[in-house]
Amino acid sequence: MINGSKRIARPLRWAMVGGGQNSQIGYIHRSAALRDQSFALVAGAFDIDPQRGRDFGVQLGVDPERCYPDYRRLFEAEAHRPDGIEAVSVATPNGTHFEITRAALLAGLHVVCEKPLCFTVAEAEALRELATRHQRVVGVTYGYAGHPLIEQAREMIAQGDLGEIRMVHMQFAHGFHSQAADSQSASAQWRVDPKVAGPSYVLGDVGTHPLYLSHVMLPDLKIERLLCTRQSFVKSRAPLEDNAYTLMQYAGGAMGTVWSSAVNAGSMHGQLIRVIGSRASLQWWDERPNQLSFEVQGQPAQVLERGMGYLHANALLDDRIGAGHPEGLFEAWSNLYYRFALAMDAANRGEPAPMRYPDIEAGVEGVRWVERCVQSADDGGVWVDY
Ligand SMILES: NC(=O)c1ccc[n+]([C@@H]2O[C@H](COP(=O)([O-])OP(=O)(O)OC[C@H]3O[C@@H](n4cnc5c(N)ncnc54)[C@H](O)[C@@H]3O)[C@@H](O)[C@H]2O)c1
């Protein structure tokens with residue numbers, strides 16, 4: 001259980017690029033990073049607008065001198081300080097992730113980068129090479145992976161509770177952009193602009209989340225080939241898709257599906273993963289993250305509850321308040337930031353990360369999946385090797 005116990009000697013000196021006052025995701029980064037005193041926010045380039053970024057940084061309690069107009073000056077000036085930053089989170093729109101993460105690694109910083117890590121597999125592999133060479137940690141905020149019951153699913157699958165794995169059904173299908181008018185906010189507009197969002201909208205924006213959950217739950221399952229078809233139901237979004245179906249064939253014959261959508265009218269999040277074996281199935285839904293459904297063929301279904309003693313020890317490690325009291329996405333993100341901090345602290349001593357976290361490999365994998373999906377869809381919905 002995480003209960004104020006300290007696993008690193010002092011908070012890592014940390015900055016943010018992006019995540020400004022009106023951003024969608026900045027607050028949860030700060031809330032997650034600061035919750036366990038694993039990080040201390042000491043600098044930032046919080047906004048594309050330098051003045052707004054500075055004002056916001058000051059409001060957050062950052063020294064005005066350390067609120068920089070852009071990431072280049074942030075990395076440059078902090079490198080000259082004896083108390084300069086050691087880690088940075090990149091929470092800007094997709095099109096800037098590659099250059100900012102690359103500059104951070106070159107400056108010798110550990111990085112937490114938003115997904116998608118970058119636009120192409122070639123870029124992702126270049127970042128991996130840089131991170132390996134500089135022995136720096138890159139964490140990717142596949143935030144749902146911080147929910148403890150994802151660990152429980154991993155352990156149950158590993159001990160054979162489901163039998164032989166046959167199918168994995170995944171979806172992240174919300175309805176918030178069902179109409180063109182629903183995407184008039186600045187935060188939604190860049191998501192359908194290929195220059196800023198990259199080669200896809202919903203595949204990268206939402207589909208990669210359950211995909212990463214499947215990698216955590218089923219580490220041995222390897223995609224051999226996939227087939228994707230993508231649509232722009234709101235025509236102005238073309239060539240970027242607001243809906244996509246991906247069919248995947250895994251080595252050994254198991255099959256997987258991912259439904260990625262922003263036009264599932266009436267749906268809030270609709271993120272779900274169902275792993276189906278020869279004996280039983282497991283299902284986790286992000287709108288009820290404290291419950292994991294375990295369904296053995298021919299028996300009444302069971303609902304496993306977060307925090308209960310019957311769970312595997314790894315599913316109790318990140319527990320924060322015990323069973324019954326609902327935990328949510330803020331806690332899940334804090335669990336990841338806690339693991340990022342432990343990994344960075346270990347890397348500083350030249351040691352391996354003590355706990356698994358969504359690392360640069362997860363980032364590369366998400367980019368590879370989107371690239372292959374786009375290739376398959378744009379070739380007319382054909383099988384492509386993974
Ligand atoms: N992990 C998740 O669950 C999750 C959820 C939502 C968004 N995201 C990702 O987070 C990133 C940001 O998304 P958002 O919805 O918060 O976007 P947003 O448009 O709401 O906010 C972006 C913020 O970055 C700032 N910014 C833009 N360019 C900048 C630059 N060059 N330097 C400094 N600041 C800059 C903007 O001023 C703004 O404050 C995206 O990559 C998105 O895919 C991830």
Side-chain angles (χ1 to χ4, degrees), residues 15-33 43-57 59-60 62 67-75 88-104 111-119 139-147 172 174 176-177 183-213 240 260 262 269 271 286 289 328-330 332-337 340 357-358 362-363 366-367 370:
M16 285 192 79
V17 179
Q21 185 146 34
N22 298 318
S23 66
Q24 187 187 128
I25 208 68
Y27 177 78
I28 196 168
H29 277 272
R30 287 185 292 279
S31 158
F46 297 97
D47 203 294
I48 188 74
D49 178 313
Q51 186 60 46
R52 215 168 44 195
R54 187 175 190 278
D55 292 346
F56 184 54
Q59 188 186 312
L60 292 173
V62 176
C67 297
Y68 300 91
D70 58 60
Y71 74 87
R72 286 191 185 85
R73 270 181 272 185
L74 165 70
F75 299 159
V88 63
S89 289
V90 182
T92 52
N94 306 355
T96 56
H97 293 176
F98 176 69
E99 63 178 58
I100 301 175
T101 300
R102 186 170 178 280
V111 186
V112 174
C113 184
E114 265 303 345
K115 41 62 41 182
L117 183 62
C118 50
F119 284 0
V140 182
T141 36
Y142 288 120
Y144 305 95
H147 284 292
F172 195 148
H174 67 78
F176 283 97
H177 297 156
S183 54
Q184 290 316 301
S185 75
S187 170
Q189 274 170 358
W190 68 252
R191 285 177 159 77
V192 292
D193 176 353
K195 287 195 292 299
V196 190
S200 83
Y201 168 28
V202 292
L203 286 162
D205 199 49
V206 292
T208 50
H209 279 294
L211 182 78
Y212 180 66
L213 296 183
L240 297 194
S260 314
H269 244 197
Q271 181 180 198
D286 80 350
L329 193 58
F330 284 98
W333 273 65
S334 300
N335 295 341
L336 288 191
Y337 260 95
F340 294 153
Y357 63 96
V367 175
V370 171

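Note that this is a predicted model, so its numbers are computed, not measured. Read the numbers this way: they start at 1 and go in the same order the structure lists the ligands and their atoms. Note that these values count all heavy atoms, side chains included, but never hydrogens, waters or copies made by symmetry.
- Checked against a 3.5 angstrom limit, the closest N/O atoms of Asp47 and ligand 1 fall inside it.
- Ring-plane geometry between Trp333 and Tyr337 is classed as parallel, the angle between the planes falling under 30 degrees on a 0 to 90 degree scale with a further cut at 60.
- Among His209, Met16, Arg191, the residue whose heavy atom lies nearest to atom 42 (C) of ligand 1 is Arg191.
- Polar contact check, Gly20 against ligand 1: a nitrogen or oxygen pair lies under 3.5 Å apart.
- Scanning Arg52, Glu114, Gln189, Gln21 for the heavy atom closest to atom 9 (C) of ligand 1 points to Glu114.
- Using a 4.0 Å cut-off between a side-chain N of Lys or Arg and a carboxylate O of Asp or Glu, Asp205 and Lys115 qualify as a salt bridge.
- Ligand 1 is approached by Thr92 to a heavy-atom distance shorter than 4.0 Å.
- At a heavy-atom distance under 4.0 Å, only side-chain atoms of Trp333, from C-beta outward, approach ligand 1.
- Using a 4.0 angstrom heavy-atom cutoff, Gly143 does not count as in contact with ligand 1.
- A donor-acceptor contact under 3.5 angstrom links the side chains of His29 and Glu114, judged on distance only.
- The shortest N/O to N/O separation between Lys115 and ligand 1 falls below 3.5 Å.
- Ring orientation note: the planes of Tyr142 and His209 are nearly perpendicular, at an angle over 60° on the 30°/60° scale.
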